[in-house]
Protein chains: 2
Amino acid sequence: MGRRAAQAPGFPTNDRVRRAALSLFALKGYEATGIRDIANEAGISVATLYNYMSSKEDLLISIMEEGLVQIRDVALRTLKDQTDPIEQLAALVRLHVWRHANRRQSAVVVDTEIRSLSREGLTHIISLRDEYENIWREVIRRGMLDGSFDVLEPKLVTLAILEMCTGVSHWFRPNGELNLSYVSDVFADAALGMTRAKRNDKPVRVSDVSRMDLEAIFLELDESNSSGARKTKSTS
Amino acid sequence: MGRRAAQAPGFPTNDRVRRAALSLFALKGYEATGIRDIANEAGISVATLYNYMSSKEDLLISIMEEGLVQIRDVALRTLKDQTDPIEQLAALVRLHVWRHANRRQSAVVVDTEIRSLSREGLTHIISLRDEYENIWREVIRRGMLDGSFDVLEPKLVTLAILEMCTGVSHWFRPNGELNLSYVSDVFADAALGMTRAKRNDKPVRVSDVSRMDLEAIFLELDESNSSGARKTKSTS
DNA sequence: GTCTATAAGGTGATAGAC
DNA sequence: GTCTATCACCTTATAGAC
């Protein structure tokens, strides 16, 4: 794997630890990442590392929690601006795709490391994930009731759309040739097709729904979060 | 994690090792699985285990290879029976969903342990996966040319459909309340919606395409494979 | 807050007897 | 083919000095 240069100092140690763990967990996986790797990447010793976390698993839990809470809150906030299920579904798809592309590390850890959790943390994370999934389910359900969507099985289609969008994190590269705004259009259009979205008996395409400034939405959230910054370990 | 009972004997040791590794890799992940776990699950000692594999990673590679070769071959064989891209896409979706539900362990390992491979095995596995993806891409491409499909970006939509179907392995339970044949219908319908599949200018639903006996297809393959059984380690 | 040193046990893999 | 015993190293986590 080779020795990586420690991250640039200047950031508080607390942040450096989180970033180090996040990038290593995303790259190699939680099990394959040792606490020496984390300490080294953060530029501190193993003993010092334990001043910023209570255990390796607690660090994982807090990283996953942050990611899930963030996307859940963004989703809830965004849905308040719209009432049309078609607009809402397109917005959810864009948000989810954006996050899985531009916050890839966080998304990957949330998506793949659930199996590394042991009971205590597991129930907590699962319940957060369920909250987020229920937001989607509710939009699909309402769209079926008002005739916007026509699907065989709302529950399954919800999962299908979610998995489809989650997959973006597997191949999207921030500096690649694909434009993220375009990618999120393609996926929103796919979701509208999957649900057979219709307005006035006419199929709806992505060009028929309004767009949104994803960058701004997540930026706003980043700011409102960093003011009340969460800690991994309560320091006395 | 607790001590699991070793698998019933009767099967050749070679098979028991493969089954043990497969189920443990799928359950806990490759990194979290020790060679002692595998040996214990297979009912042999660690030293004996090394008579049936050359290394833990080689065992992983051979498991992933088997899974990928199998689904690739099933896909190729099935496509030969049909020429209509719409029928072909529905068939691919059904096969992929079926496999990710009924051969869940194999599918999960193939989908999640790519990052555990180191160069040597990685290139081999990636090229197999690319072969399989290209089968899908070609079907979508042909469907676009003959007017069956209408998508914004064939490459992205191919990935989207694949990821959507792959997700089935995350929640499907063989003895749960969902009927697999129904699930594969829902997903085939979703894929037809995503691609805006049309025949004679009318949207195609899953009820408009022919079904197939998935059970029989995979059974046939199991049999043709077990005759020329692959070995993990060449025994002198 | 940060370090060096170390505890206590797990890791993949092998030697050599039977 | 299968085993017991062992190697060299790595793992998470902590004690105690500064």
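Numbers restart at 1 for each chain; the letters A, B, ... are given by sequence-line order, proteins then strands. Note that the coordinates shown come from a computational prediction; the quantities given were computed from them, not determined experimentally.
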Visitor: Taking only residues two or more places apart in sequence, or in another chain, which ones meet A/Thr112 in a side chain to side chain donor-acceptor pair (under 3.5 Å)?
Guide: none
Visitor: In whole angstroms, how far is the P atom of C/dG12 from the OH atom of B/Tyr52?
Guide: 20 Å
Visitor: Provide the full list of salt bridge (charged side-chain N to carboxylate O under 4.0 Å, His left out) pairs with a residue in residues 88-110 of chain A, sequence neighbours left out, each pair given once.
Guide: A/Arg94-A/Asp185, A/Arg103-A/Asp222
Visitor: Grab the CG-P distance between B/Asn51 and D/dC3 for me, whole Å please.
Guide: 10 Å
Visitor: Going by the rule side chain to side chain contact (heavy atoms under 4.5 Å, CB included), which residues pair with B/Ala190 if we only count those two or more places apart in sequence or in a different chain?
Guide: A/Met194, B/Met164
Visitor: With sequence neighbours left out, write down each residue that passes salt bridge (Lys or Arg N to Asp or Glu O under 4.0 Å) with B/Glu131, or none if nothing qualifies.
Guide: B/Arg72
Visitor: If the condition is side chain to side chain contact (heavy atoms under 4.5 Å, CB included), which residues does A/Glu153 pass it with, not counting sequence neighbours?
Guide: A/Leu156, B/Tyr182, B/Val186
Visitor: Applying ring-ring contact (aromatic ring centres under 6.0 Å, His included), name anything that partners B/His96, two or more places apart in sequence or on another chain.
Guide: B/His100, B/Tyr132, B/Trp136
Visitor: Rounded off to whole Å, could you give me the CD-to-P distance for the B/Glu31 and C/dT11 pair?
Guide: 12 Å
Visitor: Kindly write out the residues that satisfy salt bridge (Lys or Arg N to Asp or Glu O under 4.0 Å) with B/Glu138, not counting sequence neighbours, or none if the list is empty.
Guide: B/Arg141
Visitor: A/Thr48 side chain N/O closer than 4.0 Å to the phosphate oxygens (OP1, OP2) of C/dC3?
Guide: yes
Visitor: Five pairs at each end of the helix from C/dG1-D/dC18 to C/dC18-D/dG1: take the axis at both ends and give me the angle between them to 10°.
Guide: 0°
Visitor: For B/Ile38 and C/dG12, what is the distance between atoms CD1 and C1' respectively, to the nearest whole Å?
Guide: 10 Å
Visitor: Under 3.5 Å, which protein N or O atoms sit close to an N or O of nucleotides 13-18 of chain D? Give each pair with its distance.
Guide:
residue: D/dA13; atom: OP2; partner: A/Tyr50; partner atom: OH; Å: 2.7
residue: D/dA13; atom: OP2; partner: A/Lys56; partner atom: N; Å: 3.2
residue: D/dA13; atom: O5'; partner: A/Tyr50; partner atom: OH; Å: 3.1

Visitor: What I want to find out is whether A/Glu113 reaches B/Arg115 closely enough, with some N-O distance under 4.0 Å, to be called a salt bridge.
Guide: yes
Visitor: How close or far is atom P of C/dT4 from atom CG of A/Asn40, stated in whole angstroms?
Guide: 12 Å
